[in-house]
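Report on the structure given below.
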Amino acid sequence: MSTPTPASNLPRRGGVGLKPCHYRTILETRPGIGFFEVHAENYMGAGGPPHRYLTAIRDIYPLSIHGVGLSLGGAEPLDEAHLARLAALVARYQPQAVSEHLAWSSHDGAFLDDLLPIPYIREVLELVCGHIDRVQSALRRPMLLENPATYLGYTDGDYDEPEFIAEVVRRTGCGLLLDVSNVHVSCTNHARDPHDYLQRLPLETVGEIHLAGFATRQDAQGRPLLIDSHDRRVDETVWVLYSDVLRLTGPMPTLIERDADIPAWDELASEAARAEAATISAEEPLRVAAG
Amino acid sequence: MSRLADSQATFAAALLGPELPVPPDLRSLGVPAGADRFGVYRNNVMVGLIEGLREAFPVVCRLVGDEFFRAMAGEFARANPPRSPVMLEYGTGFAEFIKDFPPASSLSYLADVARLERAWVEAYHAAEAEPLAFTGAVSGAPLRLHPAARVIRSRFPILTIWQANQADAEPPPLELSDEGDIVLVTRPAAEVQACRVSEKAAALIEAAASGNPVYVGLELEVLWSLGAFAASGADA
């Protein structure tokens, strides 16, 4: 655990999701941020300001490329044209980590622009593993897989979520992008114990952590229904869970994700600084060698 | 794998079709999932698509107001979900949709403003290329269009309307001219530029775009300075 999985060479510091409204501030003030992360699809145009800015920022900072469009859990074959675009982006920017989601988002030629849930059954396990094998072979490097935030599940199930994720990681050799907010959101929505959920994940393969804000609603029965909205500050409950995670993983690259209602740079920087203070002071966990 | 494909087909249809029932294979806390929980996905998808269109068409949104825009964009999105995960491509076809959208028919220029905004987004993301510099002489080689250059012709003064409805714009003139605009949108360097060009200049650009030879004329000097053409050599 003292070194992150080979799927991530990100520094074990605080990072921030890169947004166009902050490009100039970052280049002019060169803030002491551990790394930046971009959504891969936002940089799949041929040229223009996004590439000019990302090139300049990548010259200064480590980078994580986070895909949102591969549809790893889709029943359809992987979109090879999209995978080729991702591979070209990875070759161009040489990021310290590449990640994608345990979800589906494309069907019959339509892109549904959300991270949709999958049933945790054997045939889907094989499908997802096949897709991840293909991605890792096209990128010629291991990727990180992010645990989902979900609002419902399926009638059919051979595994629960952490079991399914652990099995995918074991079979494909990918690493885990542990979204601590997603753990809190999913466990609340499905009335699970987040600590039990965490204990059953392959935490030794974590290469990056995400923290984000969520919205609180109620379902029709009046039970809490948390929405992974990325539109506000990280909740105190998630900060507490994050400290618990760090006790299990040791220091980890930790990203503040914000995708809507983007605040001034200083607010994101202060959240990243809080994550960095927590992660650099975390102790390496004691591990008993197996066997 | 056909069971998963069937399940995702039903899920996808119900996402975009609010009148359809929640798919029967979904569950939450031990009971069949209801519209409250499935509705989170429905809402995420529609809000995401509408927001994406609002960011790509800010002037259209300003012209019709937020509420009208959301309704119009929502109707477009349901009928025309993205065909690619590369969302910066989303919005092709929105201008055509607006042209045939009856509630917007009183704003006859709206579709052309949408075409201008789409051209702006395409120019923003177009490949890099060195603009052709004016050297006073042109060799016999055909001129190569700059990859960002697009010409939008309208019988309405769309450039004036577009400029007057930027976030930091001056108040619009009290009376718009009756004349149409021919607008060149291009990106010679980092910034997208939109400017009015003459009929003759537009014809030169369109000729270059279709691969026909373009001959030296007075207009060319102007078009070089506007970044309509690319220097010979590969795109960056």
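Naming: A, B, ... by sequence-line order, numbering from 1 per chain.
- With a 4.5 angstrom heavy-atom cutoff, A:R85 touches chain B only via side-chain atoms.
- Proximity to chain A (any heavy atom under 4.5 Å) is restricted, for B:L15, to the side chain, taken from C-beta onward.
- Highest contact tally toward chain B, considering only A:P117, A:G67, A:S229, is held by A:P117 [criterion: heavy-atom pairs under 4.5 Å].
- The two atoms that bring B:P85 and A:G69 nearest to each other are CG-O, 3.6 Å, heavy atoms only.
- With rounding to the nearest 0.5 Å, the separation of CG in B:D25 from CG in A:L152 is 9.5 Å.
- Both the backbone and the side chain of A:L112 come within contact range of chain B, judged by heavy atoms closer than 4.5 Å.
- With a threshold of 4.5 angstrom between heavy atoms, B:R187 approaches chain A through side-chain atoms but not through N, CA, C or O.
- Between the CE atom in B:M87 and the CG atom in A:D113 there is a gap of 4.0 Å [rounded to 0.5 Å].
- A:L70 does not touch chain B: none of its heavy atoms, backbone or side chain, sits under 4.5 Å away.
- Surrounding CD of B:E130 are at most 12 heavy atoms belonging to other residues, nucleotides or ligands under 6.0 Å away.
- A donor-acceptor pair under 3.5 Å is formed between the side chain of B:D36 and the backbone N or O of A:A220.
- For residues 184-193 of chain A, the side-chain hydrogen bond (donor to acceptor under 3.5 Å, both in side chains) pairs, not counting sequence neighbours, are A:T150-A:H190.
- Note that the OH atom of A:Y151 and the CG atom of B:N43 stand 10.0 Å from one another [nearest 0.5 Å].
- Both the backbone and the side chain of B:A9 come within contact range of chain A, each with at least one heavy atom under 4.5 Å from a heavy atom of that chain.
- Here the OG-CG distance, from B:S28 to A:D219, works out to 6.0 Å after rounding to the nearest 0.5 Å.
- Residue A:R200 qualifies as enclosed at atom CZ: its count of foreign heavy atoms under 6.0 Å is above 12.
- With a 4.5 angstrom heavy-atom cutoff, B:P24 touches chain A only via backbone atoms.
- Within the 4.5 angstrom heavy-atom criterion, atoms from both the backbone and the side chain of B:A190 approach chain A.
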Review point. side-chain contact (heavy atoms from CB on, under 4.5 Å) between A:R217 and B:V40: does it pass, once the steps are laid out?
Key: CA-CA 10 Å; A:R217 304 274 183 275; B:V40 177; over 6 Å; no

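- Pairing each heavy atom of A:A110 with each of B:P81, the nearest pair is CB-CG, 4.0 Å.
- The CZ atom of A:R223 sits 4.5 Å away from the CG atom of B:L29 when rounded to the nearest 0.5 Å.
- The two residues B:A12 and A:H107 have their closest heavy-atom pair at CB-CD2, 4.0 Å.
- Most heavy-atom pairs under 4.5 Å with chain A, from the set B:Y41, B:F11, B:F38, B:Y124: that is B:Y41.
- Annotation: maximal heavy-atom pairing with chain B below 4.5 Å, among A:G157, A:P49, A:G73, A:S71, occurs at A:P49.
- More than 12 non-hydrogen atoms from other residues, nucleotides or ligands lie less than 6.0 angstrom from CD of A:Q94.
- Chain A forms more heavy-atom pairs under 4.5 Å with one residue of B:V192, B:L16, B:L26 than with any other, namely B:L26.
- Taking a 6.0 Å sphere around CD of B:E191, one finds it holds 12 or fewer heavy atoms contributed by other residues, nucleotides or ligands.
- Among A:M44, A:E41, A:E126, A:R52, the residue making the largest number of heavy-atom pairs under 4.5 Å with chain B is A:R52.
- Note: B:Q8 CD to A:D108 CG = 11.5 Å, rounded to the nearest 0.5 Å.
- Interface summary for chain B: among A:I118, A:D114, A:I227, the most heavy-atom pairs under 4.5 angstrom belong to A:D114.
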